[in-house]
Amino acid sequence: MASYQIKKGKNIKLKGKAEKTLVSLDLPKTVALQPVDFKGLKPRLVVKVDDEVKVGTPLITDKNNPDVKCVSSVSGKVIAINRGEKRVLLEVVVEADGRQEKVVFDNINENEISSLNKGKVVSMLKDGGLWPVIRQRPFSKIANPEDKPKSLFVHAMNTEPLAADIDFVLQGKEKEFQAGLDILAKLVETDVHLCFTANSSSKALTDAQNVQKHQFSGPHPAGNVGTHIHYVDPINKGDIVWFVEAQDVVRIAELFLRGTYPSERIVAVTGEKAPKQNYVKTVIGAPLVDIFQGSDLSGARCLSGSVLTGKNVGAKGFLRFYDSQVTAIPEGGNREFLGWLVPGFGKYTFSKTYASAFLPEREASLDTDENGGHRAIVLNHLYDSYVTLDICTYFLLKAIISQDIEESERLGILECDEEDFSLCTFACPSKVNVSGLIRQGLEVIEKEG
Amino acid sequence: MGFFANQSKKIEEKFFAKGKPLEKLYPLFDALDTFLLTPGKTTKKAPHVRDAVDIKRVMIFVVVALIPCIFMGIYNAGYQIQIAKGMEVSLWGAMALGAWKVLPIIIVTYAVGGLWEGLFAIIRKHEINEGFLVTGILFALNLQPTIPLWQVAVGISFGVVIGKEIFGGTGYNVLNPALTARAFVFFAYPAQMSGDSVWVAVDGFSQATPLAVVAAADRGASAVAALEFAGYSFKDVFLGFIPGSIGESSTLACLIGLAFLLITRVASWRVILGCIVGVTTMSLTFSFFQGPESMAFFSLPAHWHMVLGGFAFGAIFMATDPVSSAATNTGRWIYGILIGMLVVLIRMVNPAYPEGVMLAILFMNVFAPTIDHFVVESNVKKRLARVKATKK
């Protein structure tokens with residue numbers, strides 16, 4: 001078991017941590033599949049309004065790869081198909097009938113896992129609507145089954161603010177987790193790396209077999225899959241690495257062993273504006289209103305995901321496919337008189353320019369205020385302290401802004417993902433969207449092919 | 001929203017929004033508006049939260065770090081007048097005399113420079129940048145108290161326009177704008193910039209600065225002995241009660257500012273430490289090669305170099321400008337060390353230049369991108385070597 005001590009980065013200690021109690025929610029009345037969640041997939045709608053669906057019925061498929069399907073989490077009727085600007089498919093909304101009738105897929109016994117081959121695993125994952133859980137780096141998009149990745153990473157650690165505790169989430173699922181790892185080993189026929197936190201108490205992780213285990217400690221982004229890949233098997237130009245979230249490893253086993261689509265997910269309900277702060281068991285695509293278990297979300301920004309990488313789906317929005325956390329923080333927008341001149345005992349900062357930085361660290365209350373005007377990059381030395389990849393961030397940003405693809409690749413952009421730079425955006429005094437620029441740079445390279 | 005925020009919104013909508021009569025003057029409105037009230041804008045996409053620090057905070061901290069130099073400079077300017085005129089030395093008298101000379105320089109700098117900043121903001125349609133708050137005071141403190149005010153105006157105009165705005169403004173400048181302004185004034189008006197009669201604001205009074213004393217000393221003489229003979233003890237020079245540029249003479253005041261900048265982590269310690277290392281190694285090298293016919297400068301020890309000629313001020317406040325210095329950690333060391341070495345070299349080779357620090361920093365500003373290039377290339381090579389290693 002290899003150990004890695006990450007020195008760079010910083011944890012954001014936010015108010016509103018989820019208590020380790022698990023509540024099983026009732027089935028929500030409506031559930032939505034959000035096609036924009038699936039990066040790398042060109043959605044083709046395969047249902048219409050009023051169609052009856054079961055758990056596991058495909059709602060959209062990939063235009064370029066029709067075997068890749070995204071399926072319904074509930075049985076019921078399609079009641080709405082919402083589009084946005086330029087007819088982008090935003091939501092396929094299903095009204096649940098409560099019966100949870102399931103499509104029956106192929107299934108196997110535990111002892112048949114060892115006789116699986118790659119082709120069988122791929123087809124079972126595709127049929128069962130779980131292929132989208134296999135994503136790749138670079139670009140963090142859905143993996144192409146034709147590719148031969150150089151390794152596969154199981155992402156079993158999350159250091160984002162208020163993230164779900166993976167040890168807690170995997171409790172009781174040790175057997176399924178191991179089965180999922182074994183299936184993944186058959187999928188890639190190359191190294192499977194299981195990366196988790198150094199002080200983990202989960203036997204599913206510490207006693208896992210058939211994988212290479214790596215333990216990480218240190219501040220965020222030590223938990224990012226990008227960090228893990230960089231330290232264990234870094235990406236060079238032309239390399240492809242696949243990755244899967246820990247909860248999805250369990251779901252893969254459940255699909256293979258039971259033959260039905262596993263639509264449940266454990267979600268951490270977090271944030272100081274969340275009426276309740278706990279863990280819930282619900283279905284993928286559930287409405288945030290249900291997940292937050294309370295009615296008063298006024299003045300809150302409701303995110304599917306964390307404050308650093310989540311999406312503002314709004315109080316009326318739905319849980320995204322890959323998220324296992326929702327966060328509710330106060331909306332900002334208060335204009336403070338001479339706010340930039342005050343001592344700032346209550347302000348939260350990574351810098352040492354407010355009095356709060358010299359007090360012992362407490363849980364912070366953060367709102368959505370940008371806290372300053374947009375300026376050009378001035379403090380260019382800040383960024384590298386929050387990036388765990390061996391990247392000269394300031395120079396990479398300049399290459400991206402000047403649209404120099406070759407230079408961006410030389411500087412290592414293919415190792416990067418937006419989420420690996422979210423702390424840079426957080427900490428930048430010039431309010432530069434560093435992570436957004438990284439995403440832009442990657443999009444340009446993706447388009448060029 | 002509070003009362004003031006509401007009023008601001010009303011004024012903005014009535015006069016400065018798109019289509020309204022004063023639309024073009026929006027940057028001026030915004031500058032005053034965001035001076036009084038934080039902007040109050042919220043994030044739209046991830047990351048949804050942001051650090052409380054902004055550029056206004058960073059810049060005001062640099063200005064705060066300069067307050068000891070400002071007060072010391074005002075006092076010293078007045079004190080030198082009192083001494084030269086044989087007047088009674090008093091604290092408030094010196095402050096008043098000094099302020100009489102120094103405040104107009106500061107006011108003209110901010111007024112004229114601010115005018116240019118505002119003009120460019122309006123033409124380029126971007127917000128007025130706070131970087132100017134620092135550039136202005138750095139330029140003013142770098143001048144001597146006798147400088148005619150019209151030269152101050154011309155100098156800061158050159159610095160703001162040519163040193164910064166034509167490149168795109170704060171964040172885009174290749175050279176340090178305050179030093180660009182200073183260099184312009186230095187070369188354009190040499191009579192008022194150098195020589196012995198410009199350092200004390202008393203007509204006809206001339207006194208050699210410490211560097212000039214060493215330059216004029218006999219060959220083979222001890223520099224320290226020459227300085228003490230001329231009445232400059234290390235304590236005087238360190239505390240700054242000597243003629244010189246307004247803010248640069250007191251190393252002690254600079255060090256107080258340095259402590260503030262280091263505690264608040266606003267300045268790069270690598271650049272500053274590099275300068276110290278550079279000065280030390282170069283002066284040690286020269287004293288090693290000292291002979292009976294060498295110039296007196298050869299014998300000037302490192303700690304003297306560091307308190308003379310505005311070295312402390314330059315190393316702490318000018319060399320550390322993050323935009324014009326090197327942008328990699330390794331680069332900052334090299335940049336700082338080379339500045340230190342160049343300062344000693346320029347003082348040796350051309351003692352007629354009392355502004356060796358300014359020139360050394362400007363020279364290294366030009367070379368900072370080259371230094372960074374090599375550091376970044378080594379990062380790129382590391383990545384390429386990884387490819388080769390895995391392909392084997």
Side-chain angles (χ1 to χ4, degrees), chain A residues 12 234 236-237 301 303 305 307-312 329 331-341 344 347-354 366-381 384 390-392 394-395 410-412 418 422 425-431 435-436, chain B residues 1-2 4-5 8 30 33-61 126-127 129-131 168-172 263-266 268 270 322-323 327-329 332 372 375-377 379-380 382-384 386-387 390-391:
Chain A
I12 299 180
N236 302 310
K237 185 167 175 180
R301 177 167 297 194
L303 306 171
V307 292
L308 289 179
T309 56
K311 186 171 177 185
N312 182 7
I329 52 171
E331 273 288 359
N334 284 330
R335 303 196 65 183
E336 198 185 343
F337 181 64
L338 293 181
W340 52 281
L341 212 48
K347 290 197 189 263
Y348 187 77
T349 180
F350 279 1
S351 71
K352 292 274 181 224
T353 59
Y354 284 103
L366 279 177
D367 65 17
T368 57
D369 206 312
E370 275 191 333
N371 294 326
H374 287 232
R375 298 284 179 267
I377 301 176
V378 173
L379 296 179
N380 47 54
H381 60 274
D384 286 346
D390 188 14
I391 305 265
C392 299
Y394 177 56
F395 296 89
R410 269 166 33 101
L411 292 170
E418 194 176 351
S422 53
T425 312
F426 173 82
C428 179
S430 303
K431 311 303 166 188
S435 41
Chain B
M1 278 209 270
F4 289 108
S8 150
D30 173 82
D33 183 46
T34 56
F35 182 88
L36 294 173
L37 296 165
T38 54
K41 298 221 164 50
T42 53
T43 53
K44 298 284 168 282
K45 300 194 270 195
H48 297 273
V49 291
R50 299 297 173 93
D51 200 312
V53 71
D54 68 345
I55 289 296
K56 275 193 170 64
R57 186 79 177 178
V58 172
M59 293 300 172
I60 207 65
F61 266 42
H126 64 58
E127 297 172 20
N129 271 298
E130 297 81 2
T170 304
Y172 299 95
I263 292 172
T264 57
R265 308 247 185 98
V266 170
S268 166
R270 289 181 178 87
V323 181
T328 53
N329 278 341
R332 282 186 199 103
D372 284 332
V375 176
V376 172
E377 278 303 303
N379 176 279
V380 170
K382 215 198 300 183
R383 201 165 289 113
L384 290 175
R386 212 172 58 192
V387 178
T390 53
K391 284 220 157 65

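Heavy-atom basis, side chains included; hydrogens, waters and symmetry copies ignored. Numbered from 1 within each chain, the chains take letters A, B, ... in sequence-line order.
Exactly one residue among A:Thr349, A:Thr425, A:Asp369 makes a side-chain contact (heavy atoms from CB on, under 4.5 Å) with B:Arg50. That residue is A:Thr425.
Both the backbone and the side chain of B:Ile263 come within less than 4.5 Å of a heavy atom of chain A. Residue contact with chain B, scored on non-hydrogen atoms closer than 4.5 Å, involves the backbone of A:Asp367 exclusively. For A:Phe337, the parts lying under 4.5 angstrom from a heavy atom of chain B are both the backbone and the side chain. When heavy atoms are compared at a cutoff of 4.5 Å, A:Ile391 approaches chain B by way of both its backbone and its side chain. The parts of A:Phe350 that come within reach of chain B are both its backbone and its side chain, each placing non-hydrogen atoms under 4.5 angstrom from that chain. Proximity to chain A is absent for every atom of B:Ser268, based on heavy atoms less than 4.5 angstrom apart.
The two residues A:Ser351 and B:Asp51 have their closest heavy-atom pair at N-OD2, 4.0 Å. The nearest pair of heavy atoms linking B:His48 to A:Gly310 is NE2-O, 2.8 Å. Counting all heavy atoms, side chain and backbone alike, B:Thr42 lies closest to A:Glu370 at C-CG, 3.8 Å. Contact between B:Gly171 and A:Ala376 at its shortest, heavy atoms only, is CA-CB, 4.1 Å. The shortest non-hydrogen separation linking B:Val323 to A:Ile377 is CG2-O, 4.4 Å. Annotation for A:Ala427 and B:Val53: closest pair O-CG1, 4.1 Å, computed over non-hydrogen atoms.
One finds the CZ atom of B:Phe61 at 9.0 Å from the CG atom of A:Leu341 (value rounded to the nearest 0.5 Å). Rounded to the nearest 0.5 angstrom, B:Asn329 CG and A:Cys392 SG are separated by 10.0 Å. The distance from atom OG1 of A:Thr353 to atom CD1 of B:Ile60, rounded to the nearest 0.5 Å, is 12.0 Å.
A cation-pi contact, defined as under 6.0 Å to the ring centre and within 45° of the axis, links B:Arg57 to A:Tyr354.
You'll find the side chain of B:Arg270 stays beyond 4.5 Å of the side chain of A:His381, heavy atoms only. Between A:Arg375 and B:His126, the closest side-chain pair of non-hydrogen atoms is not below 4.5 Å. Side-chain contact between B:Val58 and A:Val378 is absent, with no heavy atoms from C-beta onward closer than 4.5 Å. Side-chain contact between A:Asp390 and B:Asn379: present, with at least one pair of heavy atoms (C-beta onward) separated by less than 4.5 Å. Side-chain contact between A:Lys431 and B:Thr43 is absent, with no heavy atoms from C-beta onward closer than 4.5 Å.
The greatest number of non-hydrogen atom pairs below 4.5 Å with chain B, out of A:Lys347, A:Arg301, A:His374, is found for A:Arg301. Of the listed residues (B:Thr264, B:Thr328, B:Asp372), the greatest number of heavy-atom pairs within a distance under 4.5 Å of chain A belongs to B:Thr264. Of the listed residues B:Glu130, B:Lys382, B:Lys45, the one with more heavy-atom pairs under 4.5 angstrom with chain A than any other is B:Glu130.
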Quiz: residues 34-41 of chain B side-chain donor-acceptor pairs under 3.5 angstrom, not counting sequence neighbours:
residue, atom, partner, partner atom, Å
B:Thr34, OG1, B:Asp30, O, 2.7
B:Thr34, OG1, B:Lys56, NZ, 3.1
B:Thr38, OG1, A:Glu336, N, 2.8

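In terms of modelled atom types and a separation under 3.5 Å, the side chain of A:Asn380 and the main chain of B:Pro322 share a donor-acceptor contact. Formation of a donor-acceptor pair under 3.5 Å by the A:Arg335 side chain with backbone atoms of B:Phe4 is not found in this model.
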Side chain to side chain contact (heavy atoms under 4.5 Å, CB included) evaluation trace for B:Arg386 with A:Asn236: CA-CA 8 Å; B:Arg386 212 172 58 192; A:Asn236 302 310; 3.0 Å; yes
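Comment: B:Glu377 engages A:Arg410 in a salt bridge, judged by a side-chain N to carboxylate O separation of less than 4.0 angstrom.
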